[in-house]
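Take a look at the structure set out below.
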Amino acid sequence: MRKSALSTVAIASILAVSGAIGARSAHAGDQASNVEFGKKTAFTRKKGNCLACHYIAGGTAPGDIGPPLISMKARFPDRAKLRAQVWDATSNNPNTRMPPFGKHKILTEKEIDAVVDFLYTL
Amino acid sequence: MKKQTVAALTAGLLIAGSALANHKATDSTPAEDLKLYRDYFMKKFPGVPLNEFQNGVYAIDKVSRDSWEAIEEFPPYEPMIEDGEEMWNTPFKNGKTYADCFPDGPAQRKNYPHWDAKRGMVVTLPMAVNECRVKNGEKPLKWAKGPITRILAYMAYESRGQKTNVVIPEGDAAALAAYNDGKSFYFARRGQLNFSCASCHVESAGQHIRADILSPALGQTTGWPVYRSKWGELGTLHRRFKGCNKQVRARPFKPQGRQYRNLEYFLTHMSNGIEFNGPSARK
């Protein structure tokens, strides 16, 4: 089930590089690359793996344990609320099956910010 | 008062299986549990007869069932049953055989796991096999895969049709404690991903996790050892436990250690009345 450590390192360094490029580019490009980074983080199995449970436009073979992630801006006008859902879903629903991505350090704070940027494009 | 707790427990199961995690294992008796879990799954999957649950995910998903039935027509585990039969019939170096440890023959599945009051522990079939070997001067076999799965495949095959009948002896506090320990394990969240066994196999049974459909806990213990295409070979139930612990990024426990034996005791009891049908094939 797990890939070799090598591929994790490879993914990590690709992410680091794309992050570095993002930092150097102009503001608009910055935003676009952050969304791209967020999408990658959300889709990668070793990272967010959100597709395990959610339909997300652009992703393949989604699970159906959680609701489809659509119209996020309309449904979550308060960005802090959306971020909190990703950071620790148990704060909203103690019996949730959604992993606490921030609280359990499954994703970094930066990755979560990028995932939220990406969610707002859905 | 008892009634009330059970009602609360049922409500918990129906609203959200994981709500059970908030109940102490001692809130209901094994007999009450049996009814609760069975009712929960029979309601969740109407039209699936109790014994069908022995087929795991294929009991509830028509699409994957068709390809599975094709596999079971020429089962990949067939040669391993024959290997196991040969192991059964080949004398140990001291001239004795497995039959000296199991005088009623290889069809032993219905007797395991069981509570051994004298030793104060749950004894599983793989454990009894290895104890037989050691008693006769042979090396114990590795627990998760390899030769042990072949002798178990033969014994399971000979036991097909026997009914699961795990007993938690009345009035034996230590046996009940072992059962409750397994039950608490089942409902405890663990790992970085924060799942309990019940999050996936009670609450989400029948739902997709990515492309996989989650099998119901009911009936999960009858088909072992299992030939998984992913493994390309047979594996034991405790090998699967390890895999399921690892995928939530929790530290797995030792096969045949106390935790997994107690877990097997609890989980197998849930399937009382369902026929053993090992070995079987899975994706």
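Throughout, a chain's letter reflects where its sequence line sits, starting with A, and its residues are numbered from 1.
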Between A:Arg97 and B:Ser204: side-chain donor-acceptor atoms closer than 3.5 Å: yes
Test side-chain contact (heavy atoms from CB on, under 4.5 Å) applied to B:Trp68 and B:Arg282, step by step: CA-CA 8 Å; B:Trp68 170 71; B:Arg282 293 288 186 271; 4.0 Å; yes
Side chain, backbone, both or neither of A:Thr60 within contact of chain B (heavy atoms, under 4.5 Å): both
When B:Asn194, B:Ile213, B:Leu214 are compared by non-hydrogen pairs under 4.5 Å with chain A, the top option: B:Asn194
B:His201 side-chain N/O to B:Ser215 backbone N/O, donor-acceptor pair under 3.5 Å: yes
Among A:Cys53, A:Gly59, A:Ala61, residue most engaged with chain B (heavy-atom pairs, under 4.5 Å): A:Ala61
Six-ring centre of B:Trp224, B:Arg240 cation under 6.0 angstrom, axis tolerance 45°: no
